[in-house]
There are 2 protein chains.
Amino acid sequence: MISERKKKILAAVVDAYIRTAEPVGSKAIAESAGLGCSSATIRNELAELVSLGYLEQPHTSAGRVPTPLGYRLYVNELMQRQKLSLEESEDINRRLNAKLQELDDTIGDVSRLASQLTDYPALALTAQSAATIRRFDIIYVDANTFILVVMLSNNSVKNKLVHLPISVDQSMIQRLSSLFNASFTGIAEEQITPLLIRSTERAADDTMGLTSVIAAFAIETLSEANTPSAFISGENRLLSQPEFRDPDKAHRLMSYLSGGGHILPAADSFGGTDEVRVLIGPENVAEELKDSSVVIASYDAGDNMRGLIGVVGPTRMDYSAVAAKLSFLAAGLSRRLGGGEAPPEGMHNKLIIKGDISDGSR
Amino acid sequence: MISERKKKILAAVVDAYIRTAEPVGSKAIAESAGLGCSSATIRNELAELVSLGYLEQPHTSAGRVPTPLGYRLYVNELMQRQKLSLEESEDINRRLNAKLQELDDTIGDVSRLASQLTDYPALALTAQSAATIRRFDIIYVDANTFILVVMLSNNSVKNKLVHLPISVDQSMIQRLSSLFNASFTGIAEEQITPLLIRSTERAADDTMGLTSVIAAFAIETLSEANTPSAFISGENRLLSQPEFRDPDKAHRLMSYLSGGGHILPAADSFGGTDEVRVLIGPENVAEELKDSSVVIASYDAGDNMRGLIGVVGPTRMDYSAVAAKLSFLAAGLSRRLGGGEAPPEGMHNKLIIKGDISDGSR
DNA sequence: ATTAGCACTCGGAAGACAAGAGTGCCAACA
DNA sequence: TGTTGGCACTCTTGTCTTCCGAGTGCTAAT
């Protein structure tokens with residue numbers, strides 16, 4: 001439906017534009033791309049690519065610039081899938097190992113890492129999940145102090161130090177600990193009802209309201225662990241992109257990002273596989289992202305949860321490099337966090353790039 | 001040494017410049033500041049203020065702009081100390097309460113809050129400290145899994161889930177738990193020597209290297225808790241300041257900030273009191289901050305530790321408002337975290353503003 | 001000591017101009 | 001029919017002038 005040569009030319013335009021951020025002219029293409037024809041021919045082709053909607057010119061007599069549709073075609077078919085060099089992948093693995101010895105809510109570290117690798121702002125999000133309490137312990141410190149320790153089904157452990165104005169004796173603590181371990185484990189947040197709390201309170205013979213304090217912690221921990229959260233870093237890297245030389249534009253996007261990744265809408269529709277998704281310009285739902293692009297990868301965070309790492313940049317983004325890095329990073333995370341059978345260390349997971357080529361384009 | 005009227009004029013210049021970010025001319029001052037004299041008189045005074053080094057003009061025939069020295073005088077003597085309105089202080093208290101119900105490493109929240117309040121980028125740092133382990137518990141989950149729980153002398157609690165390829169029986173765990181509680185508490189990081197570990201291992205009759213895993217966690221926790229750490233947020237707010245319209249300039253400062261607050265040098269010399277310190281332009285040691293200003297407040301973080309909250313902005317910064325807010329915030333934190341006798345809730349602590357009027361000025 | 005008046009200085013905005021890059025189109029050619 | 005060289009045309013970008021006005025410094029008068 002679109003000639004092979006046109007594709008080659010389109011690819012050349014996108015490649016060059018990604019590098020230089022300047023509209024690219026016919027002559028440059030004639031020289032760079034090794035198709036043996038002259039700039040005049042290229043011009044004809046370019047004109048057609050414009051009328052097909054893949055390219056546009058900022059003004060008459062300027063070079064061509066890809067439209068979102070053009071990027072889409074590029075991403076889906078044209079760009080050559082990068083695989084990381086050995087050094088790069090080793091570097092990533094090393095950093096992952098260093099950072100994730102113990103993973104708790106290192107979601108921040110993950111986003112930082114992604115941002116450093118790609119040199120774009122990055123965000124990491126945890127998906128909504130349905131973790132339950134797996135174990136509940138109360139450690140007696142002294143008569144006024146104890147520590148609540150909750151282990152969740154997703155293998156994260158939370159704790160809280162409680163300091164009371166009144167004294168509690170150790171046997172009470174022990175009683176509460178085993179009661180909670182018995183009746184608060186394996187259930188979801190909604191199942192912690194006032195009724196359950198009341199009955200536990202009675203069973204423990206607790207007249208000081210201790211039970212509700214502890215129950216509140218349980219609820220809070222569950223809700224916190226299950227609420228999706230986002231972490232953004234490297235916003236400043238936007239500023240090195242020429243399309244954000246306008247401080248207002250940069251500011252708008254950056255404050256949108258800092259305000260938490262409301263990219264969550266995109267996250268919902270995410271499939272289960274280790275795919276990489278690319279959203280180009282107007283394909284984004286969020287108004288603020290309409291002329292930026294987002295690349296998102298998903299990883300297995302264990303316990304049936306999936307996390308996301310995403311990168312935000314101008315539509316003129318180095319999709320191929322970013323996709324490769326993100327994909328590798330996600331695979332590394334899956335391997336470390338995921339429950340199941342992950343591919344072995346060195347392996348690149350295949351790069352499935354999916355994107356809605358919705359009619360929202362252009 | 002410097003006439004009263006000059007001071008008034010200087011104050012007027014700084015006030016106006018803080019508001020408008022434009023050089024301010026004699027006429028504007030004559031009208032605004034209620035000193036009954038004409039623009040010509042003001043001009044004479046302005047000329048002298050320039051030769052004294054408090055003001056400068058970007059070029060002949062432009063208004064005047066304060067020099068760092070001018071700001072310094074303004075901050076030390078001239079500016080009127082703001083105290084927050086009732087709504088503002090209530091708002092801050094409410095937010096503090098919401099965020100700090102449980103304070104762990106909410107240092108991030110603190111900086112976020114400071115940034116929101118002041119509308120400048122903010123950073124929070126923990127000082128170097130000498131926390132020790134106060135309590136050590138190991139919770140047995142199953143034969144391959146247990147949870148380490150460490151409570152530090154600064155009342156923070158850390159935990160780690162350990163998953164082993166080999167089986168361990170419960171009595172061993174119990175033995176280790178009490179051994180660690182006995183010999184690893186109350187000591188500093190350096191005191192955890194290979195010797196100590198070896199002897200504990202022997203005492204526990206541990207042939208599987210469990211002891212060293214646990215000891216490693218102890219060391220790591222201590223070192224992490226005692227290493228100063230920084231958290232920055234709201235970098236993007238820089239972009240709304242006209243002096244950072246130049247993206248390169250903005251980028252330089254922002255990436256400096258993101259790279260961790262190397263403002264630590266300034267932190268070292270910080271006194272113990274709840275003072276607020278202002279560093280203007282070249283008074284900063286860091287090259288990148290030479291034409292920005294920093295306002296820092298210190299708070300009592302309990303256990304003989306002090307934390308810092310700082311705000312970064314252009315030299316043309318609303319010192320008075322920022323100082324007031326930061327001071328209030330610091331006081332609120334001290335009250336919640338500090339060990340000792342803190343002033344009661346509603347009270348504004350007195351605003352000590354100190355600053356080196358070092359010879360680095362000019 | 002203050003003020004009014006005036007000439008002077010600069011920076012910034014607006015316009016004029018040249019250079020250059022890139023296009024579109026046409027006519028010639030394989 | 002597809003390709004190519006050539007050429008006129010367009011539009012941006014940078015540079016240079018010009019012009020305006022805000023704001024100054026100075027002087028002479030009060």
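Within every chain, numbering begins at 1; the chains are lettered A, B, ... in the order of the sequence lines, protein sequences first and strands thereafter. No hydrogens, no waters, no symmetry mates; every other heavy atom, side chains included, goes into these values.
- Look at A/S26 and you'll find a side-chain N or O under 4.0 angstrom from OP1 or OP2 of C/dT23.
- Between B/A40 and B/G63, the residue anchored nearer the 5' end of DNA chain D, judged by the nucleotide with its closest heavy atom, is B/G63.
- For the pair B/E48 CD and D/dT24 C1', the computed distance is 15 Å after rounding to whole Å.
- Atoms CG (A/L46) and P (D/dT3) sit 13 Å apart, rounded to a whole Å.
- Each of C/dC10, C/dT23, D/dC11 was ranked by its minimum atom distance to the side chain of B/H59; first place goes to C/dC10.
- For the pair B/L55 CG and D/dG23 P, the computed distance is 15 Å after rounding to whole Å.
- The interatomic distance linking B/I29 (CD1) with C/dT2 (P) rounds to 15 Å, in whole Å.
- Remark: P of C/dT23 and CD1 of A/I42 are 10 Å apart, rounded to the nearest angstrom.
- Among A/L123, A/I280, A/N284, the single residue meeting the side-chain contact (heavy atoms from CB on, under 4.5 Å) criterion with A/V294 is A/N284.
- Under 4.0 angstrom from either OP1 or OP2 of D/dT12 there lies no side-chain N or O belonging to A/Q57.
- Counting distance only, with no hydrogens placed and no angle test, the side-chain atoms of A/S61 and the base atoms of C/dT23 include no donor-acceptor pair under 3.5 Å.
- The base of C/dG5 lies close enough to the side chain of B/R43 for a donor and an acceptor atom to sit less than 3.5 Å apart.
- Separating the NZ atom of B/K27 from the C1' atom of D/dA22 is a distance of 9 Å, rounded to the nearest angstrom.
- Between B/T41 and C/dT2 there is no side-chain polar atom (N or O) within less than 4.0 angstrom of OP1 or OP2.
- Between A/S3 and A/E45 there is a side-chain heavy-atom pair separated by less than 4.5 Å.
- Here B/R64 reaches the OP1 or OP2 of D/dG25: one of its side-chain N or O atoms lies under 4.0 Å away.
- Distances shorter than 4.0 Å separate some side-chain N or O of B/S38 from OP1 or OP2 on C/dA4.
- Taking 4.5 Å as the limit, some side-chain heavy atom of B/L326 sits within range of a side-chain heavy atom of B/V311.
- Rounded to whole Å, the distance from OH on A/Y17 to P on C/dG22 is 14 Å.
- Atom CD in A/E22 sits roughly 15 Å away from atom C1' in D/dC11 (whole-Å rounding).
- Comparing D/dT4, C/dG24, C/dC10 by their nearest atom to the side chain of A/C37 picks out D/dT4.
- Contact between B/Q82 and B/A321 at its shortest, heavy atoms only, is OE1-CA, 3.6 Å.
- With DNA chain C read from its 5' end, the first of the two nearest nucleotides for B/G36 and B/P58 is the one closest to B/G36.
- Among B/Y319, B/Y71, B/Y54, the one residue that satisfies the side-chain contact (heavy atoms from CB on, under 4.5 Å) test with B/V14 is B/Y71.
- A close approach under 4.0 Å does not occur between any side-chain nitrogen or oxygen of A/S39 and OP1 or OP2 of C/dG22.
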